[in-house]
Amino acid sequence: MAEGSPPPAGGGTPPRRRRTLVTVLAAVLLLVVAGVGLVVVRPGPVASWLGGDAEPTVDARAPEVAPVPVLALPAGTAPVPTVEGMRAALDPLVGATALGGRVNVSVTDVVTGQELYGRGPDDGTVPASVTKLVTGVTVLAARGSAYRIGTRAVAGAAPGEVVIVGGGDPTLAIDANGFYPGAARLDLLAEQVKQALGGIPPSKVTVDSTLFPGPVHEPGWDSDIPTGGYGSAITALMTDGARRDPDAGPKGAERYREPDLAAARAFARLLGVPAGTEVERGKAPTGGGEAAPAGTPAPGTELGKVESPPMIRLVDIMITDSDNVVAEALARQVALARDQPASFVGAATAMDQVATELGLPADELALADGSGLSRTNRISPSLLTDLIALAGNGTRPELAGIFGGLPVGGWSGTLDDRFGTDATRAGAGVVRAKTGTLTGVHAIAGLVTTAEGRLLSFAILTDRTPPNTPDATRLALDRIGAALAGCGCR
């Protein structure tokens with residue numbers, strides 16, 4: 001990605017007194033399943049083991065043995081690290097050359113909310129993909145864990161015209177071979193439409209993607225993001241996260257330049273619309289207009305609807321795979337829930353509003369997008385550690401959905417190939433965190449259990465790192481996480 005100009009130095013915000021967020025230790029690991037009453041099904045290894053797209057079948061085989069937890073429950077009586085002990089453990093690592101000229105850190109005890117280590121903890125810093133933690137918490141607060149995004153088809157103004165109305169589901173698939181397990185499907189929507197139309201042959205497809213007013217790219221994105229496969233044009237209708245090939249992989253995939261038109265053309269083919277019939281953008285009729293001919297659905301009549309997986313699973317996908325397109329779609333769901341335009345600006349305004357409602361320090365949050373691709377985003381480390389503690393304290397159980405998708409050091413997601421060296425192995429299976437990377441920007445934020453069993457939240461944000469040594473920078477970050485995991489720090 002192209003280098004951006006160096007971000008302005010933080011430090012304009014005076015240090016504030018830390019709030020106490022009393023947290024039940026076990027809640028962090030158990031609320032995701034028990035508290036919200038939903039089972040989290042993750043993409044990646046778990047999805048492939050379970051066969052995400054398979055239909056339920058009766059199986060007479062003996063049930064599987066219950067899996068061993070990836071992370072052990074912390075000890076409720078474990079001693080709290082001391083501030084002095086944390087300084088002794090972390091000061092030499094935070095000053096590593098590979099972390100660059102600005103390193104802002106917050107480490108907090110989850111039970112008491114006490115800040116155990118801080119270095120510029122309240123300074124706004126470029127967060128990269130760590131932004132997705134804010135997106136996940138705010139969309140779960142605004143929409144709820146069970147909310148599903150619908151894609152509808154309605155009768156158009158002319159007989160046989162079908163209007164497909166994008167609702168903002170980025171995981172929508174064309175058929176059973178979609179990229180996202182359990183996604184809603186256009187072929188099933190097409191079958192509903194054909195049945196609703198009876199013997200009337202579909203003659204034209206119009207796409208209504210006006211729910212997202214644009215722009216389709218955020219101005220703060222690096223110039224290669226729209227074409228490099230890590231992002232796409234953000235439209236209210238798309239299939240497979242705008243991928244041209246659903247088998248292309250989670251990142252770096254070629255994306256459609258106009259995802260809404262591409263999806264609508266696929267829908268037209270499924271409906272059997274005559275080849276060569278142009279698909280156009282338009283607005284769905286609202287109903288109440290001129291009466292339709294006998295036997296023809298009135299304009300605006302709903303002909304079919306399919307729905308995305310529940311919100312908790314979409315958040316899981318976004319965090320595990322650091323899916324930028326899903327993140328931008330979910331940010332727009334926050335905007336819609338707070339009566340804001342479903343645009344970059346509207347989403348940022350709504351996420352700030354929800355953060356304020358949750359009691360988070362919104363003065364330490366300045367967002368331009370929901371994915372973290374924008375270099376104009378600013379988040380403080382202490383906001384992130386507060387957010388993580390709030391999601392686990394049991395007062396808002398739906399927020400615990402962010403934990404199911406958090407990558408585990410040396411095992412899953414963006415941490416699957418990290419924490420494997422002698423210097424970092426203490427963090428393998430113990431650090432659970434979201435990472436973020438742009439050229440010159442590296443971040444990590446999440447949970448870690450100390451060697452004595454104390455659960456900590458931590459956030460490390462660096463936005464002036466050497467541009468040509470990303471592996472060394474990631475290793476330096478992992479050394480900090482491993483130090484937290486490997487010591488009692490007393």
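A donor-acceptor pair is defined here as one N or O able to donate and one able to accept, closer than 3.5 Å; such a pair exists between the side chain of T125 and the backbone of D123. Judged by distance alone, with hydrogens and angles left aside, the side-chain atoms of T108 form no donor-acceptor pair with the main-chain N or O of E115 at under 3.5 Å. Between the side chain of D463 and the main chain of V126, a donor-acceptor pair closer than 3.5 Å is present. With Q192 contributing its side chain and K305 its backbone, the two residues share a donor-acceptor pair below 3.5 Å. Checking side-chain atoms of D240 against main-chain N and O of R243 turns up no donor-acceptor pair under 3.5 Å. Remark: side-chain polar atoms of D321 are not paired, donor with acceptor, to backbone N or O of D323 under 3.5 angstrom. A donor-acceptor pair is defined here as one N or O able to donate and one able to accept, closer than 3.5 Å; no such pair exists between the side chain of T469 and the backbone of A472. With D369 contributing its side chain and L373 its backbone, the two residues share a donor-acceptor pair below 3.5 Å. Formation of a donor-acceptor pair under 3.5 Å by the S382 side chain with backbone atoms of P121 is found in this model.
For the pair R338 and E357, the salt-bridge criterion is met [side-chain N within less than 4.0 Å of a carboxylate O]. Using a 4.0 Å cut-off between charged nitrogen and carboxylate oxygen, R474 and D471 count as a salt-bridge pair. Between R185 and D175, none of the side-chain N atoms (NZ, or NE/NH1/NH2) sits under 4.0 Å from a carboxylate O, so this pair counts as no salt bridge.
Sorted pairs that involve residues 264-279 and meet side chain to side chain donor-acceptor pair (under 3.5 Å), not counting sequence neighbours, are lacking altogether.
No side-chain donor-acceptor contact under 3.5 Å links E258 and T235.
The side chain to side chain contact (heavy atoms under 4.5 Å, CB included) test with F267 singles out one residue from T151, I164, D187, and that residue is I164. Each of L314, T135, I149 was scored for a side chain to side chain contact (heavy atoms under 4.5 Å, CB included) with Q333, with one residue passing: I149.
Y230 and W221 have their aromatic ring centers separated by at least 6.0 angstrom.
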Could you walk me through whether L172 and L237 pass the side chain to side chain contact (heavy atoms under 4.5 Å, CB included) test, one step at a time? CA-CA 8 Å; L172 182 68; L237 181 70; 3.7 Å; yes
One pair to check against side chain to side chain contact (heavy atoms under 4.5 Å, CB included): V441 and T465. What are the steps and the verdict? CA-CA 6 Å; V441 177; T465 65; 5.9 Å; no
Mind running side chain to side chain contact (heavy atoms under 4.5 Å, CB included) on H442 and L477 for me, showing each step along the way? CA-CA 8 Å; H442 292 264; L477 289 173; 3.8 Å; yes
Decide side chain to side chain contact (heavy atoms under 4.5 Å, CB included) for L384 and V134; before the verdict, give the C-alpha distance in whole Å, the side-chain angles of both, and the deciding distance to 0.1 Å. CA-CA 8 Å; L384 291 166; V134 178; 4.3 Å; yes
Passes side-chain hydrogen bond (donor to acceptor under 3.5 Å, both in side chains), S322 versus T414? Steps please. CA-CA 8 Å; S322 200; T414 54; over 6 Å; no
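Across L438 and R375, no two heavy atoms sit closer than the pair CB-NH2, 3.8 Å. Listed here is the closest heavy atom pair of P127 and N377: CD-O, 3.5 Å.
A cation-pi arrangement is absent between R432 and F403 under the rule of less than 6.0 angstrom and at most 45 degrees off the ring axis.
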